Amino acid sequence: MTLQKTKSRSTPHRPSPGNRDFRNRTKRSAQTTDSQNTRGAAHAGEATAQPGIILKAGREKSLLRRHPWIFSGAVERVDGAPISGDTLPVRSAQGEFLAWAAYNAGSQITARVWSWREEENIDAEFFRNKISSALAARSELNLSRNSNGMRLIHAESDGLPGLIVDQYGDVLVMQIGSAGTERWRDTIADILQELCKPACIYERSDSDSRALEGLELRNGVLRGTLPDTVEVIENSLRFKVDVVSGQKTGFYLDQRDNRALTGTLARDKDVLNCFCYTGGFSLYALRGGAKSVLSIDASGDALRIAAENLTSNGLDTPRAEWLEADVFQALRKLRDQGLSFDLIILDPPKFAPTAAFAEKAARGYKDINLLGFKLLRPGGLLFTYSCSGGISEDLFQKIIAGAALDAGVDAQIIHHLHASADHPVLLSFPEGAYLKGLVLRVA
Ligand code: SAH
């Protein structure tokens, strides 16, 4: 566990080299006495050029459309001797300024854009402005009437690549997934502390994607003290959140609206909730008057929290049944037992983190959805989701259509679903739309 002392908010994470950007540094770049240029000394030839990223001819197109990622394949050369996390100017082959971006030497995404404006300074003030606007956008959503949890910062879509901040009551959980954000970690924590005044900022920088960025895993308190129990209230339901070892930042805030929709459609139904985690959809269905809810997850820890959540919401009822099992196998067993349901939820984990995994993921989605369709009674509803960035909405719908065909059912789409509004999607960054869902009614 990493514990960091609070620093003054203007102090960057890595003192002087920490927040270096390479504005107008042509003349200084060869000075090897500067501590930040010790690497430059070893690469004196490279270090004589002004640090920056120069793209191959024609590869500026995605940046001109304001897509914030610069892939390694688009890079002609990196001038100077920058290190991961440095802010660099990105230029076209013709030398035209395109953006300020955070460099990451080891990643396939060589840089992520901070700003499109040449006159912008990437400094503490820049982060204060970005964080303030993200917070202002969240407060306009009026979520706080019945809920005290929301995603405060949604990475690229809030102009802060690699930064996720989720709020659970007075605890903030921060997840850093890029070298650029890593460099500004303390500045960001100080700004969040000042603007949100949480009891604790906890860092869950332990996602698999950190390895792709060459970053170490980190899991620990960043500011304040973590309360013994963290709870989030969502549409007046209480959920315990395991911020230390739960999945993602501890809870799946993105499904808030979709869980609420399930609650409105569950009355008198026999419900099957697959990949239930801490019971989100199950509790909404029970509150919504479901006749029975069978919930399945492979994680015993998640199911133990689900049971606590049931009790803390006064929903401890024989209508609820929990099963620790692999969903792929459990669905087959239920089918073999001849069981059927009126409403089935399939909210699996990410099968395809990137498009490279799409084919294997497609087989997984088809398998569970085919079984789901077979387990539905006539007129039944299937809530089916994919949170895979590598599976587009269009492809997902095609997979579900294939599953229905093979299951021999006719189905209509009655809802197209996405993440809740506190997970906005930047128009120029379609990758932000990772969560897609369909509600289907079988004939
Ligand atoms: N619907 C949940 C979130 C689901 S997250 C909510 O609203 O909160 C995905 C869940 O799938 C995790 O809890 C994980 O433990 C579970 N899981 C992953 N693979 C599984 C498998 N093969 N069988 C059963 N559960 C699995």
Side-chain angles (χ1 to χ4, degrees), residues 147 149-151 166 168 173 204 207-208 230-235 237-243 245-263 266 271-288 290 293-310 313 320-334 343-353 357 360-361 363-369 371-372 382-389 391 417-420 422-423 434-439:
S147 304
M150 69 184 99
R151 175 150 296 187
D166 284 343
Y168 304 119
V173 184
R204 275 300 297 279
S207 70
D208 298 343
V230 179
E231 200 182 65
V232 64
I233 298 172
E234 185 185 275
N235 294 315
L237 283 170
R238 299 165 62 184
F239 293 94
K240 185 175 164 187
V241 184
D242 181 356
V243 302
S245 45
Q247 295 174 30
K248 297 223 286 190
T249 63
F251 192 67
Y252 290 85
L253 289 165
D254 50 3
Q255 290 282 27
R256 183 192 311 105
D257 295 350
N258 303 331
R259 286 191 282 254
L261 177 67
T262 303
V271 175
L272 172 63
N273 180 12
C274 296
F275 309 98
C276 68
Y277 191 46
T278 54
F281 284 97
S282 309
L283 266 71
Y284 278 83
L286 290 165
R287 186 175 66 174
V293 181
L294 172 60
S295 309
I296 308 176
D297 201 280
S299 161
D301 287 339
L303 290 175
R304 275 183 281 283
I305 296 182
E308 286 181 47
N309 289 338
L310 211 58
N313 287 284
E321 198 184 329
W322 306 91
L323 181 61
E324 183 178 335
D326 176 90
V327 164
F328 290 84
Q329 292 168 12
L331 288 175
R332 289 183 163 76
K333 269 198 192 151
L334 294 171
L343 193 163
I344 297 179
I345 300 136
L346 298 172
D347 183 23
K350 192 161 45 181
F351 289 159
F357 298 84
K360 184 160 176 263
R363 283 197 293 276
Y365 288 120
K366 181 152 180 203
D367 188 33
I368 53 173
N369 281 280
L371 289 160
L382 179 66
F383 283 66
T384 184
Y385 298 94
S386 162
C387 60
S388 293
I391 300 275
L417 304 175
H418 299 99
S420 308
D422 49 339
H423 297 61
Y434 66 100
L435 181 65
K436 45 256 155 203
L438 295 170
V439 185

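Counting convention: from 1, in listed order, for ligands and their atoms alike. Since we're looking at a predicted model, the values are computed, not measured.
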*asked:* Give me the atom names and distance for the closest heavy-atom approach of Arg151 to Leu253.
replied: N-CD1, 3.7 Å
_Parallel, tilted or perpendicular: ring planes of Phe281 versus Tyr385, cut at 30 and 60 degrees_ = tilted
*Centroid-to-centroid, Tyr252 to Phe275, below 6.0 Å?*
no
Put together the list of close N/O pairs, under 3.5 Å, between ligand 1 and the protein, could you?
residue: ligand 1; atom: 1 (N); partner: Phe275; partner atom: O; Å: 3.3
residue: ligand 1; atom: 1 (N); partner: Asp347; partner atom: OD2; Å: 2.6
residue: ligand 1; atom: 7 (O); partner: Arg259; partner atom: NH1; Å: 2.7
residue: ligand 1; atom: 8 (O); partner: Arg259; partner atom: NH1; Å: 3.4
residue: ligand 1; atom: 13 (O); partner: Gln247; partner atom: NE2; Å: 3.4
residue: ligand 1; atom: 13 (O); partner: Asp297; partner atom: OD1; Å: 3.3
residue: ligand 1; atom: 13 (O); partner: Asp297; partner atom: OD2; Å: 2.7
residue: ligand 1; atom: 15 (O); partner: Gln247; partner atom: NE2; Å: 3.1
residue: ligand 1; atom: 15 (O); partner: Asp297; partner atom: OD1; Å: 2.7
residue: ligand 1; atom: 22 (N); partner: Asp326; partner atom: OD1; Å: 2.9
residue: ligand 1; atom: 23 (N); partner: Val327; partner atom: N; Å: 2.9
residue: ligand 1; atom: 25 (N); partner: Ala298; partner atom: N; Å: 3.0

_Applying side-chain hydrogen bond (donor to acceptor under 3.5 Å, both in side chains), can you list everything that pairs with Tyr365, at least two apart in sequence or on another chain?_
Ser386, Ser388
*Of all heavy-atom pairs between Gln255 and Ser420, which one has the smallest distance, and what is that distance?*
C-OG, 4.3 Å
*asked:* Any carboxylate oxygen within less than 4.0 angstrom of a Lys/Arg side-chain nitrogen, looking at Arg256 and Asp422?
replied: yes
